[in-house]
Peer 1: 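Have a look at the structure that comes next, please.
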Amino acid sequence: MEQIYKPKNEEIVSPRQVQSEFQRELLTTNLTRVPCIEEDIGEAIGFTGSNVQFNDLMQSIDLDLNLSSTKDLRVLPFHPSRIQPVQKHIEVPEKARQLRCVQNALKITGRIRKNLDTRIRYNKHKYTAEPPLEDPDLQPFGEILLQIRFYEPFKYKTGLRLGHPKFHQEFYVIGSQTLAELRDKIYCPCDSGPFFDISENPHQSEPKRAPEEPNPGFFFIHDVFYNDMRNQRNMDYSEVILKWAKRQKCIGKLESRNMENTRFDELKFRLGYPQVYQHHGNCEHIFVVSDCRLLSPSDVLTRRRYPLLNSYVFPRSIPCNICGHCEANFIVKNSDQHIFDPAYVCQACFESYHYKHGKKIGEFEAYRFLGTKVAVKEDDAQIEN
């Protein structure tokens, strides 16, 4: 596949090989473990003096003590999830407040400003809070840590770009986990379906997908399809693609494996090169492995916290195509009354424009639209925005 989409980074990374090379380096230096605290440093350098002498040695090379001054400004530890935006309020003159258009504008502005209180200014995504401290069961430098960034699906036709990838979610995963564990953490609005045409009865509730129902999908990484075959009823989405690829002269050999049996440290990939995650038929997400490094003492050292959601995008609020004020709750398609197809409409406009005395007017299809109701899936709960 790299013959068609030329990669800028030619180096192929193998996490297992990187980890084994690091362990060999430890053996050559006669270290049994990597120093994590000051006491480990004394053991690593073979210091035989007393604790007082070791503390004096550490203080003599401490940059904070030797290069700091009482006049220095205090620098607080940085974590993006703790940043609060600075709201600028503009006072409206009392005479202007008597105008109805100004009153309506203030109501709308107040509602929007209230929803933006948790956002980071000049930033369209939010960082999750640090998980609580727990008893560590992971050893620093004993695991490979991958940073994976997913992007929202976008429309694309050969030779014509109708959109561009927008950031969606970022996860940290460790090498000993399987690809299926990451897939269970990824949030996509399609997971809340299936969505059916409810134009005949708009007040009916959407049926929920049963756990035993098929839920196929695959990751495409470095010319290999990793299919989710945990459910025997899952389809192999890659089968038809593999048959098509065999007939193409410009595409090399492609393989197929199961994601539930593949660990991240068994993969091979290029950092920053786009890969594909596909599910629910034709819902495709581009993702990249943006970083590959060893687990450090400052990382979360609890296995059950991984895959760890680091940040996610704020869901985009789509206004109603009719009133332009309220958030859209329905998608209307194939309508003989709209100039847009599909059209996004709110609850009030949907009922007043498409129904009379509870009966459907005209021809159209209607589907529920989640909008910003569901933001992200984290552990067993869903965070609503």
Peer 1: Does a side-chain heavy-atom distance below 4.5 Å link Q177 with R263?
Peer 2: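 No, side chains not in contact.
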Peer 1: State whether R183 and D228 are salt-bridged, where the test is any N-O pair (Lys NZ or Arg NE/NH1/NH2 against Asp/Glu carboxylate O) under 4.0 Å.
Peer 2: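 Yes, this pair counts.
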Peer 1: Under the ring pair (Phe, Tyr, Trp, His ring centres under 6.0 Å) test, which residues partner F287, sequence neighbours left out?
Peer 2: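 With sequence neighbours excluded, F287 shows a ring pair (Phe, Tyr, Trp, His ring centres under 6.0 Å) to F150, F219, given in chain and number order.
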Peer 1: Under a single-linkage definition using a 4.5 Å side-chain heavy-atom cutoff for Ile, Leu, Val, Met, Phe, Trp and Tyr, are Y172 and I148 assigned to the same hydrophobic cluster?
Peer 2: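 The answer is no; the residues belong to distinct hydrophobic clusters.
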Peer 1: Hey, does V13 have a side-chain heavy atom less than 4.5 Å from the side chain of H222?
Peer 2: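 Answer no - side chains too far apart.
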Peer 1: Within a strict 4.5 Å, meaning less than it, do heavy atoms of the P319 and Y344 side chains meet?
Peer 2: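 Heavy-atom side-chain distance check fails, nothing below 4.5 Å.
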Peer 1: Are any non-hydrogen side-chain atoms of C188 and H285 less than 4.5 angstrom apart?
Peer 2: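 Touching, per the 4.5 Å side-chain cut-off.
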Peer 1: If you round to the nearest 0.5 Å, how far is CG of L267 from CZ of R257?
Peer 2: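 With rounding to 0.5 Å, CZ (R257) is 9.0 Å from CG (L267).
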Peer 1: Only counting residues at least two apart or in another chain, list the ones meeting salt bridge (Lys or Arg N to Asp or Glu O under 4.0 Å) with D56.
Peer 2: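 Expected list: none.
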Peer 1: What pair of heavy atoms forms the shortest contact from S238 to N227, and how long is it?
Peer 2: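 Shortest heavy-atom separation between S238 and N227 comes out as OG-ND2, 3.0 Å.
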Peer 1: Say you draw a straight line from CD of E170 to CG of D291; how long is it, rounded to the nearest 0.5 Å?
Peer 2: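 Reported to 0.5 Å precision, the distance equals 9.5 Å.
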Peer 1: Take atom CD of E363 as the centre, draw a 6.0 Å sphere, and report whether it contains more than 12 heavy atoms from other residues, nucleotides or ligands.
Peer 2: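 No - once you tally the heavy atoms of other residues, nucleotides and ligands closer than 6.0 Å, there are 12 at most.
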Peer 1: Taking only residues two or more places apart in sequence or in another chain, which ones pass side chain to side chain contact (heavy atoms under 4.5 Å, CB included) with N258?
Peer 2: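 With sequence neighbours excluded, N258 shows a side chain to side chain contact (heavy atoms under 4.5 Å, CB included) to M229, E260, N261, given in chain and number order.
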Peer 1: Find out whether L295 and L301 are in side-chain contact, i.e. whether some heavy atom of one side chain is under 4.5 Å from a heavy atom of the other.
Peer 2: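 Heavy-atom side-chain distance check passes, below 4.5 Å.
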Peer 1: Does N234 use its side chain to pair, donor to acceptor, with the backbone of N215 at less than 3.5 Å?
Peer 2: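 Flag set: sc N234 to bb N215 pair under 3.5 Å.
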Peer 1: State plainly whether one hydrophobic cluster holds both V276 and I241, where clusters connect Ile, Leu, Val, Met, Phe, Trp and Tyr through side-chain heavy atoms under 4.5 angstrom apart.
Peer 2: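 V276 clusters together with I241.
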Peer 1: What pair of heavy atoms forms the shortest contact from N321 to P342, and how long is it?
Peer 2: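 The answer is OD1-O, 4.5 Å.
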Peer 1: Name all residues meeting the side chain to side chain donor-acceptor pair (under 3.5 Å) criterion together with S296; count only those two or more places apart in sequence or in a different chain, and write none if there are none.
Peer 2: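 Counting only residues at least two positions away or on another chain, S296 forms a side chain to side chain donor-acceptor pair (under 3.5 Å) with S298, D299.
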Peer 1: Is there a side chain to side chain contact (heavy atoms under 4.5 Å, CB included) between S256 and D236? Walk through the geometry before answering.
Peer 2: CA-CA 9 Å; S256 177; D236 185 353; 4.2 Å; yes
Peer 1: Extract all donor-acceptor atom pairs below 3.5 Å that involve side chains of residues 133-144 and protein atoms in other chains or at least two apart in sequence.
Peer 2:
unit_1, atom_1, unit_2, atom_2, d
E134, OE2, R304, NH2, 2.7
E134, OE2, R305, NH2, 3.0
D137, OD1, R303, N, 2.8
E143, OE1, S176, N, 3.4
E143, OE2, S176, OG, 2.8
E143, OE2, R303, NH2, 3.2

Peer 1: Using the rule side chain to side chain contact (heavy atoms under 4.5 Å, CB included), only one of N310, L182, L146 pairs with F171; which is it?
Peer 2: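 Only match with F171 under side chain to side chain contact (heavy atoms under 4.5 Å, CB included): L182.
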Peer 1: OH/Y127 to CG/L309 distance, rounded to the nearest 0.5 angstrom?
Peer 2: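 The OH atom of Y127 sits 11.5 Å away from the CG atom of L309.
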Peer 1: With distance as the sole test, does S290 use its side chain to make a donor-acceptor pair with the main-chain N or O of Q147 at under 3.5 Å?
Peer 2: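 Side chain of S290 to backbone of Q147, a donor-acceptor pair under 3.5 Å: yes, one is there.
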Peer 1: Assigning hydrophobic clusters by single linkage (Ile, Leu, Val, Met, Phe, Trp, Tyr; side-chain heavy-atom cutoff under 4.5 Å), is W244 placed with L254?
Peer 2: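 Result: yes, single cluster for both.
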Peer 1: Please determine whether the number of non-hydrogen atoms from other residues, nucleotides or ligands lying under 6.0 Å from atom CG of N51 exceeds 12.
Peer 2: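 Counting neighbours around CG of N51, 12 or fewer heavy atoms of other residues, nucleotides or ligands fall under 6.0 Å, so no.
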Peer 1: Using only atom types and a distance under 3.5 Å, with no angle test, would you say the side chain of Q278 pairs donor to acceptor with the backbone of G281?
Peer 2: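 Pair found, side chain donor or acceptor close to backbone of G281.
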Peer 1: Could you check whether Y226 and F218 have their ring centres less than 6.0 Å apart?
Peer 2: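 When the ring centroids of F218 and Y226 are compared, they turn out to be at least 6.0 Å apart.
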Peer 1: Would you please test K243 and E239 for salt bridge (Lys or Arg N to Asp or Glu O under 4.0 Å) and show each step?
Peer 2: CA-CA 6 Å; K243 290 181 180 179; E239 184 178 359; 3.7 Å; yes
Peer 1: Measuring from C320:SG to F369:CZ, what's the distance to the nearest 0.5 Å?
Peer 2: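 Reported to 0.5 Å precision, the distance equals 11.5 Å.
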Peer 1: Do Q53 and F47 come within less than 4.5 Å of each other through their side chains, counting heavy atoms only?
Peer 2: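 Q53 reaches F47 side chain to side chain.
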Peer 1: Taking the ring of F330 and the ring of Y367, is the distance between their centroids below 6.0 Å?
Peer 2: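 Ring centroids of Y367 and F330 are no less than 6.0 Å from each other.
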Peer 1: If you measure from CZ on R270 to CD1 on I221, what distance do you get to the nearest 0.5 Å?
Peer 2: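 R270 atom CZ to I221 atom CD1 measures 13.5 Å (nearest 0.5 Å).
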Peer 1: Without swapping roles, check the side chain of Q248 against the backbone of A245 for a donor-acceptor pair under 3.5 Å.
Peer 2: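 No; zero donor-acceptor contacts below 3.5 Å.
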Peer 1: Tell me whether S335 contacts the main-chain N or O of V332 through its side chain, where contact means a donor paired with an acceptor under 3.5 Å.
Peer 2: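 Flag not set: sc S335 to bb V332 has no pair under 3.5 Å.
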Peer 1: Which label fits F220 and F225: parallel for a plane angle under 30°, tilted from 30 to 60°, or perpendicular past 60°?
Peer 2: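 The arrangement is tilted - the two ring planes meet at 30° to 60°.
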Peer 1: Report yes or no: is the cationic atom of K360 (NZ for Lys, CZ for Arg) under 6.0 Å from the centre of the six-membered ring of F364, at an angle within 45° of the ring normal?
Peer 2: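 The answer is yes; both the distance and angle limits are met.
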Peer 1: Could you check whether any side-chain heavy atom of Y273 comes within less than 4.5 Å of a side-chain heavy atom of V289, counting everything from C-beta outward?
Peer 2: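 They are not in side-chain contact.
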Peer 1: Main chain of R16, side chain of Q19: is a donor-acceptor contact present, judged purely on distance under 3.5 Å?
Peer 2: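 The answer is no, because no donor-acceptor pair under 3.5 Å joins these two groups.
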Peer 1: Cluster question for you: counting only ILVMFWY and a side-chain heavy-atom cut-off of under 4.5 Å, with indirect links fine, are L294 and F269 together?
Peer 2: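 Same hydrophobic cluster.
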Peer 1: Quick one: does any side-chain atom of Y306 pair with a main-chain N or O of L145 as donor and acceptor, under 3.5 Å?
Peer 2: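 Looks like no, no N/O pair under 3.5 Å.
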Peer 1: Do you reckon I186 sits in the same ILVMFWY cluster as Y312, going by side-chain contacts under 4.5 Å, direct or chained?
Peer 2: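 Yes, one cluster joins them.
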Peer 1: Might you point out which heavy atoms bring K268 and S14 nearest each other, and give the distance in Å?
Peer 2: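 Closest approach of K268 to S14, heavy atoms only: CG-CB, 4.4 Å.
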Peer 1: Just how far is it from atom CD1 of I198 to atom CD of E365, taken to the nearest 0.5 Å?
Peer 2: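 Answer rounded to 0.5 Å: 12.0 Å.
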Peer 1: Short question: side chain of D197, backbone of A366 - any donor-acceptor pair under 3.5 Å?
Peer 2: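 Here the side-chain-to-backbone pair exists.
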Peer 1: So, for K185 and P307, which heavy atoms are closest and what is the spacing to 0.1 Å?
Peer 2: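 In this case the closest contact between K185 and P307 is CE-O, 3.9 Å.
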Peer 1: So which atom in T178 and which in M259 form the shortest heavy-atom distance, rounded to 0.1 Å?
Peer 2: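 Of all heavy-atom pairs spanning T178 and M259, the closest is CB-O, 3.8 Å.
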Peer 1: Are side-chain N/O atoms of Y277 and Q275 paired as donor and acceptor at under 3.5 Å?
Peer 2: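 Not at all, the side chains of Y277 and Q275 share no donor-acceptor pair under 3.5 Å.
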Peer 1: Which atom names give the shortest non-hydrogen contact between Q169 and Y187, and what distance separates them?
Peer 2: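 So the minimum-distance heavy-atom pair works out to OE1-N, 3.2 Å.
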Peer 1: After noting the C-alpha distance and the side-chain angles of K166 and V313, does the key distance pass the side chain to side chain contact (heavy atoms under 4.5 Å, CB included) rule?
Peer 2: CA-CA 9 Å; K166 298 181 178 64; V313 73; over 6 Å; no
Peer 1: By the side-chain hydrogen bond (donor to acceptor under 3.5 Å, both in side chains) test, which pairs, at least two apart or in different chains, include something from residues 350-359?
Peer 2: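 Only H338-H354, Q347-E351 qualify under side-chain hydrogen bond (donor to acceptor under 3.5 Å, both in side chains).
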